[in-house]
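Okay, so here's the structure we're looking at.
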Amino acid sequence: MATPSAAARKKLQRKFRLRGFTLKVDALEEAAAFLARFPDAEDDALDLLLDELDKEPRGGGGRCGVSGGHQRALGAAGGGFVRRATVPLRSNQESIPADYSSMEKLEIKQPYTGIGIRLARDKYFSKPAFDTVMTEDDNCEITSIQSLIGCTGRRWIMGVISQLEERQFYLEDLTGAVNTCGFPPLEDREASLSMLMGLDFFGGGVIAAEETVRLSTLEKKAMNDMFVILSDVWLDSSEPFSRDVQMCYLVEKTMEKLGVVLDGYDSVEAVPSLFVLMGNFCSRPCNLAFNSFEELRLKEHSRFLFIPGPEDAGPSKALPRCTLPKYLTEELQKHIPNAIFVSNPCRVKFYTQEIVFFQQDLLYRMRRSCLIPPTTEETSDPFEHLVATIIHQSHLCPLPLTVQPIIWNYDHCLRLYPTPHTIVLGDKSE
């Protein structure tokens, strides 16, 4: 029997460890010989072998050691092997790996810890302080995935779905039988604030109780205050493009409609206190026009917030996006002194209300990355499903790093805890 190469040994040991097995030397050689029979489909053959080993009885409560005596599993896998096109999320997984990279650990730990703290306060997912007679449906105490090894019966776990290898999805936590998937429960904003004991998670500093009362009084008087929010506002030059007449037409229409909006508000007595213009600001070139703002009274009494879109100029596509480069904004700043160029997402405090603005084609990306189709029992509106997802996950963009890179030092800018009063999402979907 040929001795497997170092790369093959490492691959086999890792695969078996992912399933909760430890390979002995003789078993390693037999597994390598088994895979050699399927040179064009090694991964599929190994998956099937592991599936057969999962059916073997395990003794004790720890990981199962595999020796060369598991001929039944080898024979069953070899006899029933066919190439499989897809592998679903496993429902019989007994152990989940802990040997992922430091970046993957960070990706799991940061959102996991915040939601875990919130979950521990929920009465349905926390262990009662005193022994009481409770049914399985009354109490759903969270169990770590590692402790599932050797357990029977129904357990509740919280984890992150990740793809550690091609076509294989795993449920991880920081350290089973999974037949139901759901979001973490919502926590009322007031309940969250009471637990934070004055800590400021939104940004802008802690406001004293006396100042909060004063702001609340002013807020009740500000009945005429309004925000005007526009998304995908193309502000490039309206000069014709030689190669794309249709794009030129769209830019001209955008500038024309923007002029109508600004002129309309410029003629009324109570002007909006804030205009929010969200990108993308450029249909093709990256220069901002300012001819629609030249003679407006609005520019003296209103603030203009410019939030970059995902395709606007900037050093990176990672979130959060930094402000528009100065070379694009300095000319516009001369014509609109109250223009404020901010990051994406952006947080605004309006008296006592907390508002989050985010420009991203989020619905499309979330639907493309969906592993389990959302239920239609409550609603079939995909946008409502999107709203439920980001609110329950307490994060504006709960997507894998392969789909949307995130600057981890600033991941807190994307979190929605405590839940803000308002979230404004500039999305291309209707």
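Computed from heavy atoms alone, side chains included, the values below leave out hydrogens, waters and symmetry copies. Predicted model only: the values in this text are computed from it and were never measured.
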From [atom1] ([X]) to [atom2] ([Y]), nearest 0.5 Å:
X    : Y    : atom1 : atom2 : answer
F275 : I229 : CZ    : CD1   : 11.5 Å
C322 : I407 : SG    : CD1   : 7.5 Å
L425 : L396 : CG    : CG    : 8.0 Å
I142 : I157 : CD1   : CD1   : 8.5 Å
D225 : S273 : CG    : OG    : 4.0 Å
Y410 : W408 : OH    : CH2   : 15.0 Å

Backbone of [Y] reached by a side-chain donor or acceptor of [X] within 3.5 Å:
X    : Y    : answer
H385 : T379 : yes
Q333 : A339 : yes
R321 : P345 : no
D312 : F281 : yes
S216 : T212 : no
K317 : P405 : no

List the residues meeting side chain to side chain contact (heavy atoms under 4.5 Å, CB included) with [X], not counting sequence neighbours, and say none if there are none.
X    : result
D361 : Y364, D427, K428, S429
S5   : A7, A8
V403 : S369, L399, P400
R347 : F202, V356

Search all heavy atoms of [X] against all heavy atoms of [Y] and return the closest pair with its distance.
X    : Y    : result
V228 : P272 : CG2-CG, 3.6 Å
V342 : P308 : O-CD, 3.1 Å
P418 : L196 : CG-CD1, 3.4 Å
Q359 : S231 : NE2-OG, 3.3 Å
P320 : C413 : CG-CB, 4.2 Å
P398 : I390 : CD-CG2, 4.1 Å

Those residues that, when tested against Q353, pass side-chain hydrogen bond (donor to acceptor under 3.5 Å, both in side chains) (two or more places apart): E219
Non-neighbouring partners of S343 that pass side-chain hydrogen bond (donor to acceptor under 3.5 Å, both in side chains), sequence neighbours left out: none
If a pair satisfies salt bridge (charged side-chain N to carboxylate O under 4.0 Å, His left out) and one of its residues is in residues 362-376, list it, with sequence neighbours excluded. none
Any side-chain heavy atom of [X] within less than 4.5 Å of one from [Y]?
X    : Y    : answer
I340 : F306 : no
L305 : L277 : no
H395 : L416 : no
L46  : L12  : yes
V276 : V424 : no

For [X], which residues count as a salt bridge (charged side-chain N to carboxylate O under 4.0 Å, His left out) partner, sequence neighbours excluded?
X    : answer
E384 : none
K326 : none
E354 : R189, K349

With F383, which residues qualify under ring-ring contact (aromatic ring centres under 6.0 Å, His included), at least two apart? none
Partner set under ring-ring contact (aromatic ring centres under 6.0 Å, His included) for H392, not counting sequence neighbours: F183
Over 12 non-hydrogen atoms of neighbours within 6.0 angstrom of CD in E378: no
Proximity of F350 and F227 rings by center, below 6.0 Å: yes
